[in-house]
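These notes are about the structure you will find just below.
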Amino acid sequence: MSQTAAPAPQAAIAVEGFENLYQMAASQFTRAADTMNLDKDLRVILSQPKNEIIVNFPVRMDNGSYQLFKGYRIQHNNILGCYKGGIRYHPQVHLDEVKALAAWMTWKCSLAGLPFGGGKGGIQIDPTKYSADELQRITRRFTHALGSNIGPDFDIPAPDVGTNGQTMVWMMDTYVNTFGAAHKNVSRHVVTGKPVSAGGSEGRDEATGRGVVYTIAAWAQEKKFDLAKATYVVQGFGNVGSFAAKILTGEYGSTLLAAQDHTGTIHNANGIDVEALFKYAIEKKGIAGFPGAKAIERDDLWKIKADILIPAALEAQITSKNAPIIDVKLVAEGANGPTTPKADEIFVKRGIDLIPDILCNSGGVIVSYFEWTQNKQGESWYLDEVRAKLKRRITDAFDRTMRVKAQYKTDMRNAAMIRAVDRVSTSYKERGIFP
Ligand code: NAD
């Protein structure tokens, strides 16, 4: 039996002006805290996550050898409810990255008015390099290693980059067989983002992309801007980017000019057939080579003039380097943390609006909350009910953010953070600090 050691945790990836992504996330919190004059003790309490869980676990590969993996689960805050957040499988997964993503979940759930706190997890692997059987064993062993650190009324994972509904079913099945054998069917809400056949909610697969579009629609209404005449560009054509495009074009009539994923960047000045691209990307596992558009250089994506830019891939994609050349009216953050604070400042100066991640992509966790609620109550809601409830909740969060923006005369990112921090700080003030 051969065994491959777990990869040494790679050095944190520096983000423009910060040593790592967590520092960037913390700076957004500090800015909001300064603007709202937040109590200094609460700043201390909220400056670090509550729990940082790191597990190393061995998994048998298809060739009979064993490999050791390192998995993370960060539980940032649970004053408002259970820890809640996705599981990421990506080669760049790092402790500081997961901490940042967990913190953003706390603020996202708070802003959306959900009874959830924030968490996030992941494994530093490239999932495309493993067979489906290996991924299943990795996921089950990771879930087992996490043990009672997750649970349906304690910490509830969901999909994120590199994971999907299948990953969630493996997690659920492992969890209920380990802990809930006698109550198998009442613990299914240990994860959300499950396929409908395994207890998932109608509309969860499209939820984040649909939420992105609902926030864009709320912005367009505010600006009296006709989305049927709008053009847009999307970076990332996975779960979030592809559904956002499908809905923005299919239901609102906007035109997709360019798209980028890890396989390539494509452009068509006359508009890309989104339905055809959606099917192509699933079949070919990427958008490169799509016949209805021409290939362009990666960096040229940012030069394309359009009304809306939807970053829906990874963090820190928009920096002070490309923000000055981005020629759009609105940036709608499908991804978490795609824009650095320096790029934020450039957009504010240039009069480019930005719908921040904790608002823009909250549709995923909102419908995860619906899934969790349905599982707890043994209910199954219709798709039109899910969509209507999502629209109401995310539009409400948008309106509240706009009110705070006007109150503090600030930008939308800071306004959304202030609203989110305020709900958490109110809860701390009511409950006090134990003991
Ligand atoms: P996904 O794995 O389904 O898709 C990720 C996409 O990004 C893929 O198209 C991939 O090719 C592309 N990509 C990866 N590296 C890239 C690179 N260097 N340049 C260009 N494109 C690249 O993941 P997803 O679930 O769509 O998540 C995308 C973003 O949205 C992440 O920031 C995630 O945290 C965030 N998000 C996801 C959800 C959800 O419900 N899935 C909810 C909220 C936020």
Side-chain angles (χ1 to χ4, degrees), residues 13 21 25 84-93 97-98 100-105 107-109 111-112 118 120-122 125-128 157-168 191-194 200-201 203-212 215 233-246 258-266 277-278 280-282 284-288 290 297-302 310-318 322 332-339 355-371 390 394:
I13 296 171
L21 195 70
K84 184 84 192 84
I87 299 283
R88 180 173 289 197
Y89 288 178
H90 191 275
Q92 283 176 11
V93 165
E97 181 193 60
V98 188
L101 292 163
W104 284 324
M105 284 307 297
W107 310 130
K108 197 179 299 184
C109 293
L111 180 62
K120 203 83 178 191
I125 52 165
D126 179 350
T128 64
D160 191 68
V161 176
T163 59
N164 54 29
Q166 177 63 73
T167 324
M168 292 305 110
V191 291
T192 59
K194 303 180 288 290
S201 175
R204 175 61 183 86
D205 53 354
E206 61 167 35
T208 309
R210 181 167 287 282
V212 168
T215 61
V233 169
V234 62
Q235 188 203 32
F237 210 74
N239 176 273
V240 180
S242 69
F243 274 109
K246 200 176 159 74
Q260 178 178 87
D261 72 357
H262 70 288
T263 66
T265 310
I266 58 170
L277 181 63
F278 191 88
Y280 181 91
I282 292 171
K284 307 278 184 194
K285 296 189 168 28
I287 62 172
F290 178 65
E297 292 296 321
R298 294 197 75 76
D299 286 347
D300 288 348
L301 182 83
W302 312 112
I310 306 175
L314 295 171
E315 305 91 43
Q317 297 296 301
I318 304 174
N322 54 1
E333 293 188 326
N336 287 307
T339 314
I355 307 176
D357 45 10
I358 61 168
L359 169 62
C360 192
N361 69 39
S362 62
V365 74
I366 290 173
V367 177
S368 274
Y369 164 58
F370 297 162
E371 177 178 336
L390 166 62
I394 203 163

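Model, not experiment: these values are computed from the prediction. Every heavy atom of this structure was used, including side-chain atoms; hydrogens, water molecules and symmetry mates were not. Just follow the structure's listing: the first ligand is 1, and inside any ligand the first atom is 1.
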Inset, instruction - Show which atoms of ligand 1 fall inside a sub-4.0 Å distance from at least one heavy-atom site of D261. - result: 9 (O), 11 (O), 20 (C), 21 (N), 22 (C)
Inset, instruction - Using non-hydrogen atoms of the residue, decide whether H90 is closer than 4.0 angstrom to ligand 1. - result: no
Legend entry - Separation between CD1 of I358 and CH2 of W104, rounded to the nearest 0.5 Å: 10.5 Å
Inset, instruction - Determine whether any heavy atom of E315 lies closer than 4.0 Å to an atom of ligand 1. - result: no
Legend entry - Heavy-atom side-chain contact between R88 and E97 under 4.5 Å: yes
Inset, instruction - From the options K285, H262, K120, select the one whose nearest heavy atom is closest to atom 10 (C) of ligand 1. - result: H262
Inset, instruction - Assess the side chains of K84 and T192: does a donor N or O sit below 3.5 Å from an acceptor N or O? - result: yes
Legend entry - Distance filter under 4.0 Å to A313 heavy atoms, resulting ligand 1 atoms: 7 (O), 13 (N), 21 (N), 22 (C), 28 (C), 29 (C), 31 (C), 32 (O)
Legend entry - Shortest heavy-atom approach to atom 17 (C) of ligand 1 - which of Q260, R298, K108: R298
Inset, instruction - May I ask you to list the atoms of ligand 1 that are less than 4.0 angstrom from any heavy atom of Q235? - result: 19 (N), 20 (C)
Legend entry - Identified side-chain contact (heavy atoms from CB on, under 4.5 Å) counterpart of D357 within the set N361, I355, L359: N361
Legend entry - Element-labelled atoms of ligand 1 that are located less than 4.0 Å from some non-hydrogen atom of L314: 15 (N)
Inset, instruction - Could you list which atoms of ligand 1 come closer than 4.0 Å to a heavy atom of R204? - result: 40 (O)
Inset, instruction - Considering the heavy atoms of A335, write down every atom of ligand 1 situated less than 4.0 Å from one of them. - result: 29 (C), 30 (O), 32 (O), 35 (C)
Legend entry - CZ on R298 to CG on D261, rounded to 0.5 Å: 7.5 Å
Inset, instruction - Could you note down all residue pairs passing side-chain hydrogen bond (donor to acceptor under 3.5 Å, both in side chains) where residues 233-243 supplies at least one of them, sequence neighbours left out? - result: Q235-Q260, Q235-Q317
Legend entry - Minimum heavy-atom distance between S368 and A158, given as atom pair plus value: OG-CB, 4.2 Å
Legend entry - Proximity to ligand 1 by part of A312, non-hydrogen separation under 4.0 Å: backbone
Legend entry - Location of contacts on E206 toward ligand 1, heavy atoms closer than 4.0 Å: neither
Legend entry - Nearest non-hydrogen protein atom, atom 5 (C) of ligand 1: G238 CA, 4.3 Å
Inset, instruction - Check whether any side-chain heavy atom of N322 sits under 4.5 Å from a side-chain heavy atom of D299, and report yes or no. - result: no
Legend entry - Heavy atom of Q92, distance to ligand 1 below 4.0 Å: no
Legend entry - Exercise: identify the closest heavy-atom pair between A335 and L314: CB-O, 4.1 Å
Inset, instruction - Working to the nearest 0.5 Å, report the span between NE2 of H90 and OG1 of T128. - result: 9.5 Å
Inset, instruction - Using a 4.0 Å heavy-atom cut-off, say whether N361 meets ligand 1 through its side chain, its backbone, both or neither. - result: both
